[in-house]
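All remarks here apply to the structure that follows.
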Amino acid sequence: MAVRQQTAAARVQPPITERVTVLAWLKHNLFSTWYNSLLTILVGYLLYLVLVPFFRWAVLDATIAGDSKAACSFGGACWTLVKVRLGQYVYGLYPEDQRWRVNLALVIAALAMVPLFLERFRHRLTYAVGLVVIYPIVGYALFYGGWMGLPVVETSRWGGLFLTLVIAGVGITASLPLGILLALGRRSEMPVIRSLCVAFIELVRGVPLVTILFMASVMLPLFLPAGVNFDKLMRALVGVALFSAAYMAEVIRGGLQAIPKGQYEAAMALGLGYWQMTGLVILPQALRMVIPGIVNTFIGLFKDTSLVTIIGLFDLLGMAKLIVTDPQWLGLAAESYIFAAFGFWIFCFAMSRYSQHVERRLSAGERR
Amino acid sequence: MAAAAPRPGGGRRTVFWNDPRVRAIFAQTVVLLLVIAGVAYLVNNTIANRERLGVASGFDFLRQVAGFDISQTLIDYDRTFSYGRAFVVGLINTFYVAVVGIVLATVIGFLMGVARLSSNWLVAKVADAYVEIVRNIPLLLQLIVWYFVVLAGLPAPRESIALGEGAFLNIRGLFLPKPVFGEGTAIFLAAVGLAVIAVIVLGRWARRRFEATGQPFPVFWTALAILLAVPALGYLLAGMPISFEYPKLGKFRISGGLVMLPEFMAMVAGLSIYTGAFIAEIVRAGILAIPKGQWEAAQALGLSRGQTLRLIIIPQALRVIIPPQTSQYLNLTKNSSLGVAIAYPDFFNVAGTINNQTGQAVEVIAITMAVYLSLSLTISAFMNWYNARMALVER
């Protein structure tokens, strides 16, 4: 297959006439050689075979009106299901009259995060640390309730996109500090601490997340004294946090290794102790360098939250699966899963775009 | 009074708790004691809990009769075999799906990675869309869609889709002709072995000749000819020992032939398409990492596009590609444990069933973790060896 090398070479000397007609564009990009023409026709035909029926099913023949399966004509997609059950996709089995609590917590989160994006705000790090400590307490108080007349909502009723965000949020906020500690431990000069960190990181990275979640849900009750019981969601959160911490540690270690030795020596020459050196000189540079890697780990974590479905929690995927089994809406698996897939896709795509943006900005700074 | 003057460079004598060495020993002792105490506490609780629940301990259960069926067995197995055997069956199923998945993912990934760099706008955009869509949807969701939506939509056995001679596709799986090895297969296999050895020798010879005289030798075509002709000759000489058993379409079921279960197909499709998207990104980055000067230099030497790619670009790009590729292979192998969600009897799935039946969670989890760890270590050891072979040899 031809590689876009000539186009790059052509860009060096732009053509004298910059007017590109449609035909010229077509010829250049689709029909430049005989095999390119053949390829275009072949791929175009395959696309036609796949996309046209899909478009017909998903849009032209689809139904969204009505409020039962009877409203759906045969042949097209039945988005009525998604419309009627939208609340469950978003909030799971959370009581309908209490959903405002979730919304309120989300609004608080969005507002509280605004200062983090203000370039002029000087104490962003302190603020972020404070937020990470305080917000989970606020969120839990709102979600779980049991005070100020708020009725208790058991964690088994949390679900849908809301639960996905809770697990991903906790995983992200817990894995970053844990990962930093593990990465520092792995590069420590103290043999005991180093080997403990290496053992933990390699053990966790060597096994699939499912086994860790499974272990958290089956083994944790065995590990704890009789009578002490953890909530199922809590066990999943511990598993997800430990798992992503190990991956995060490896990303951050990459950043730490890229810091020149001179930085350490200069910090020591200034008389800084280990924690001052790490916190003020090394980490700010190392973390900045691996922001794309960190965001990629976040994306992986966000997608991995769907595995809690296997241990019986109802996150967005779990809800989609549960709704499919509803006898009133049988046979609409495709609609339900496509909608869930779209939900995951939006978040992951946004994060990956953000990471690309940061990467470009960072490399622009280096280019001078 | 000179003794009272401060020693040059020495400063004050540090108090012993400020000595970094003392501090390091102290910190490590504390951490070690904490870890030991924590582990002892957990072990103690576990022993107490197991006594309370009356769960047996030890690995004796591996020899007990399993008593459950496994839908896909590549070695002899039925419910009268032992738990140990069931573990092995599961492990082989994991290997099977991982190997097929890795091969397909690599093919998809290389094709799509090169396609993203194609000068053909449509091809590049299609590859872009593939990567951006597939990478950002959880694998578990994709597996579920493959199994419960796509493959569940296949027709019943009676309305099987016929794929050429003796192959059917229906909701029970993909049915293919099964090779039956008759007498004289050994001769055929010997011919295959001979052909492989001949190709290796030929490659070495061509390389040495090329280095000595600069004359290239059409290794690829010669090798292809040898690989096709010698086994074919052996096959004929041995009296055509391999015949095919075709699946027979019955009223309700299909008998005979080679069956690929829908669970297996869904796993292979999901794993290879998902991992392929990541490999495509790696391949693209690898090719883009080669400086433009390499293309220009190759062109100046009079190499054709294909030769440039084959002799100049890909060997260098592979160096960039292999390390991240390794972790994708590892991920695919670990992700095969998601088979539990669509009832593919992989190792993790079998281990879960055994755990439910015996209740010996500690032993089962220990075996599971040990198996996945050694799988990971084996793959990374192999890829490290390959990487070392491909790495830049500097003077």
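Reckoned from all heavy atoms, side chains included, excluding hydrogens, waters and symmetry mates.
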**Prompt:** Given side chains that start at C-beta, do those of B:Arg135 and B:Glu281 come closer than 4.5 Å, heavy atoms only?
**Reply:**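 A side-chain contact exists here, since the closest heavy-atom pair is under 4.5 Å.
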I'd like to know if the side chain of [X] and the backbone of [Y] have a donor-acceptor N/O pair within less than 3.5 Å.
X	Y	answer
A:Ser188	A:Leu184	no
B:Gln142	B:Gly270	no
B:Lys125	B:Asn120	no
A:Glu202	A:Ala199	no

**Item:** Flag for A:Tyr89-A:Ser336: side-chain donor and acceptor within less than 3.5 Å
**Value:** yes
Against chain B, label [X] side chain, backbone, both or neither, depending on which of its atoms sit under 4.5 Å from a heavy atom there.
X	value
A:Ile193	both
A:Ile338	neither
A:Glu189	neither
A:Arg353	side chain
A:Leu307	both
A:Ser352	side chain
A:Leu316	neither

**Message:** Using a 6.0 Å cut-off, check whether atom OH of A:Tyr274 has over 12 heavy atoms from anything other than its own residue.
**Reply:** yes
**Asked** Within a radius of less than 6.0 Å around OH of A:Tyr354, do more than 12 heavy atoms belonging to other residues, nucleotides or ligands occur?
**Response** no
Less than 4.5 Å to any heavy atom of chain A: does that hold for the side chain of [X], its backbone, both, or neither?
X	answer
B:Leu141	both
B:Val35	side chain
B:Phe278	side chain
B:Ala361	both
B:Asn44	neither
B:Ser376	side chain

Between [options], who has the most heavy-atom pairs with chain A when the cutoff is under 4.5 Å?
options	answer
B:Ser337, B:Ala27, B:Ala48, B:Gly352	B:Ser337
B:Ile144, B:Val340, B:Thr368, B:Asn355	B:Ile144
B:Leu377, B:Leu32, B:Ile133	B:Ile133

**Prompt:** Of all of A:Ser37, A:Gly343, A:Gly300, A:Pro191, which one pairs up most often with chain B through heavy atoms under 4.5 Å apart?
**Reply:** A:Pro191
**Request:** Could you tell me which of A:Phe342, A:Tyr337, A:Phe344, A:Trp345 has the largest number of non-hydrogen atom pairs under 4.5 Å with chain B?
**Result:**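 Sorted descending by pairs with chain B, the first entry is A:Trp345.
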**Prompt:** Quick check, are the ring centers of A:Phe298 and A:Phe302 under 6.0 angstrom apart?
**Reply:** no
**Prompt:** Do A:Phe214 and B:Phe348 have their ring centres less than 6.0 Å from each other?
**Reply:** yes
**Item:** All side chain to side chain donor-acceptor pair (under 3.5 Å) counterparts of A:Glu250, not counting sequence neighbours
**Value:**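 Scan of A:Glu250 (side chain to side chain donor-acceptor pair (under 3.5 Å), adjacent residues dropped) gives A:Arg186, A:Arg253.
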